[in-house]
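I have placed the structure first, in the form of structure tokens, so that the comments after it can refer back to it.
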Amino acid sequence: MNNVYKLHAHLLKTGLHEDPSSLHRLLLSCAACAPDSLSYARSLFAHIHSPDTLAFNTIIRAHSHSSPLHALSFFTLMRRRFVSPDHYTFPFVLKAGSRLRVGFEIHSLIMKLGFHSDVYAMNGLISFYGGLKYVEFARQVFDEMTVKDLISWSSMISCLNNNGLWYEALCLFKQMQIVGNFKADEVTMLSVISAVSSLGALELGRWIDSFVRRSDLKLTVPLGTALIDMYSRCGSVDDFIRIFDEMPKRNVLTWTALINGLAVHGRGREALRAFDEMKELGLQPDDITFRAVLVACSHGGLVVDGWRVFDSIKNEHNIEPMLEHYGCMVDLLGRAGLMNEAFEFVEKMPIRPNVVIWRTLLGACVSHKNVDLAEKVRERIYELDPSHDGDYVLLSNAYGGIGKWVEKAVVRTSMREKRISKEPGYSYLNVDGVIHEFVSGDNSLPKSDDTKDFLVSIIRSLSDEGYIPCTSNVLHDIEDEEKEYSVSYHSEKLAFAFALLNYKDRKTIRIMKNLRICCDCHCFMKHVSHKFNREIIIRDRNRFHHFSDGSCSCQDYW
DNA sequence: GTAGGGTTAG
């Protein structure tokens, strides 16, 4: 900013202070500086006698990000002064617009002024609609464009990806290469990689990885970091470590992706080592790094290390711990069975605990069968969010865990009365590029009877080897035999049976599921991994479980 | 002589 002031003073001295191009350059420098330099930019702009399109574009662009209302009023001024917008103007204005109505106005203006076949203006519309989650409108603009460039495709792919339409984003990416014959660049790939990460589809991930390798793209810091995260979410530890090693340059985000990956795969010690190594290199951890390290501690049961890291956030790094960090600590203490310590921690927190914190504690109460505390915690949750399905399920599991079937039934009934339904559990399995979906007790699948029969025979054969179905998580108060029946068909078990029937010689079975794996399925997977000599990798809502030879990477601590 | 559209990775 100092240079801007100096230059301005110089211009005033030399009489060039009304020269449009000098002023314009000053404006540009202002825009590149911190947002608080914007008022200076506005006063500079006021010096320009008759600002042209370029000057308006620059001042609008400067404001579009951090001061959108100013940007829009400059656009209004531009129209009032009959300065004609060019194709750069629209994307800037659209970036500032955050309401659909504004977008519509600009959309019709673009049409009226004859910019309907201008890629710049139309691409701006795609990202505008995409940003407001109006995917249909974005798609319509995209489809109606007669000429598209790489940025049109890229904007549309990112729009689909950002709105949860991951599969559609990947389809469009494929289409881009066939129809459009465009070469994806780094920005495009970041969206594509993000879509694969969300889908957790390893085979697709490997294909994208080799695609990046085959193209002329360099393994830049953002690209490599995105790939690390992708492999970690797709369940391949070896692959994300490989990418990390291959990267010529790394930053805090890269290290955080690595630490987080190790954490969710149950490699807490390695995550801590990576954290130390990162600090030795002089990189400053930030809030997200700390969250990853704390997750590593809580999944690994590293209570002492967790406390040390938590205290260091403030003491060593001068960062005020955030709600999320407190949440990690509650999880850490709760999982470790230090229930009273966890409860005290929540009560003494300097930030008001939210429902997520209490819910974490409730989860710990259930795993440690502490029903008294669970009821107390449930009260707190009830005040904040009375209609969350998961809380009812947790509490009912808490009762089930200690055989209080009457209380369990009461919870179940109140759930029914309030018309709260439990989110159904489902699992995904990829067989030869086709993604199969399984729902608990599912009948819809082709050959589903075969799968079920096979599953029943597996369960029978396991019971000879000491596997006892654990039914405390069954929601209904039903007879024992029925209970067993109900957990028998949990979606991940169906997926496993289906995989055994349909995978020829594959040793590794990868399953994704939406909820947390239950006790019984966890126990089941340990047994079958040994019996059938398979590696089973399950991604649940929170983390990964790698089952092999009768044990799990989480060491039954999850 | 020159600015300027997508997305910002964990």
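Numbered from 1 within each chain, the chains take letters A, B, ... in sequence-line order. From a predicted model like this one, the values you see are computed outputs, not experimental measurements.
Within 4.0 Å of I126(A), counting heavy atoms only, lies no atom of the nucleic acid at all. No engagement by T89(A) is indicated, since no non-hydrogen atom pair under 4.0 Å with the nucleic acid exists. No contact: T220(A) has no heavy atom under 4.0 Å from any strand.
Among dG6(B), dG4(B), dG10(B), the nucleotide with an atom closest to any side-chain atom of Y88(A) is dG4(B). Distance from the side chain of S154(A) is smallest to dG6(B) among dG4(B), dG6(B), dA9(B). Closest contact between the side chain of N260(A) and the listed nucleotides dG5(B), dG10(B), dA9(B) involves dG10(B). Across dG6(B), dG5(B), dG10(B), the shortest atom-to-atom separation from the side chain of D229(A) is found for dG10(B). The I151(A) side chain lies nearest to dG5(B) when the options are dG5(B), dG4(B), dG10(B). With dG4(B), dA9(B), dG10(B) as the choices, the nucleotide that has an atom nearest any side-chain atom of N251(A) turns out to be dA9(B). For N57(A), counting side-chain heavy atoms from C-beta on, the closest listed nucleotide (dT7(B), dA9(B), dG4(B)) is dG4(B). In the set dG10(B), dG4(B), dT7(B), the nucleotide with an atom closest to the side chain of L253(A) is dG10(B). The nucleotide whose nearest atom lies closest to any side-chain atom of F92(A) is, among dG5(B), dG6(B), dG10(B), dG5(B).
Computed from coordinates, the N123(A) CG to dG5(B) P distance equals 12 Å when rounded to whole Å. For L125(A) and dG5(B), the CG to P distance is 16 Å, given to the nearest whole Å. What separates CG of D86(A) from C1' of dT2(B) is a distance of 15 Å, to the nearest Å. The nearest whole Å value for the distance from the CG atom in L217(A) to the C1' atom in dA9(B) is 14 Å. A straight line from CE of M145(A) to P of dG6(B) spans 13 Å, rounded to a whole angstrom. Atom CZ in F182(A) sits about 13 Å away from atom C1' in dG6(B), given to the nearest Å. Following rounding to the nearest Å, D149(A) (CG) and dG6(B) (C1') show an atom-to-atom distance of 9 Å. Protein atom CZ of F142(A) is 16 Å distant from nucleotide atom P of dG6(B), rounded to whole Å.
With hydrogens and angles ignored, no donor-acceptor pair under 3.5 angstrom links the side chain of T58(A) to the base of dG4(B). Applying the 3.5 Å distance criterion, the base of dG10(B) shares a donor-acceptor pair with the side chain of T256(A). For S191(A) against dG6(B), no side-chain N or O and base N or O form a donor-acceptor pair under 3.5 Å.
Here L190(A) contributes atom CG and T220(A) contributes atom OG1; the two are 7.0 Å apart, rounded to the nearest 0.5 Å. Note that the CZ atom of F544(A) and the SG atom of C554(A) stand 13.5 Å from one another [nearest 0.5 Å].
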Between V293(A) and T256(A), is a side chain to side chain contact (heavy atoms under 4.5 Å, CB included) present by the stated rule, with each step listed?
-> CA-CA 8 Å; V293(A) 180; T256(A) 305; over 6 Å; no
Would you please test F275(A) and W255(A) for ring pair (Phe, Tyr, Trp, His ring centres under 6.0 Å) and show each step?
CA-CA 8 Å; F275(A) 180 55; W255(A) 281 91; 9.8 Å; no
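Note on ring orientation: taking the six-membered ring where Trp is involved, the planes of Y129(A) and F137(A) are tilted (angle from 30° to 60°). Using cut-offs of 30° and 60° on the angle between ring planes, the pair H70(A) and F74(A) is tilted.
Dashed line: the shortest gap from a side-chain N or O of S158(A) to OP1 or OP2 of dT7(B) is under 4.0 Å.
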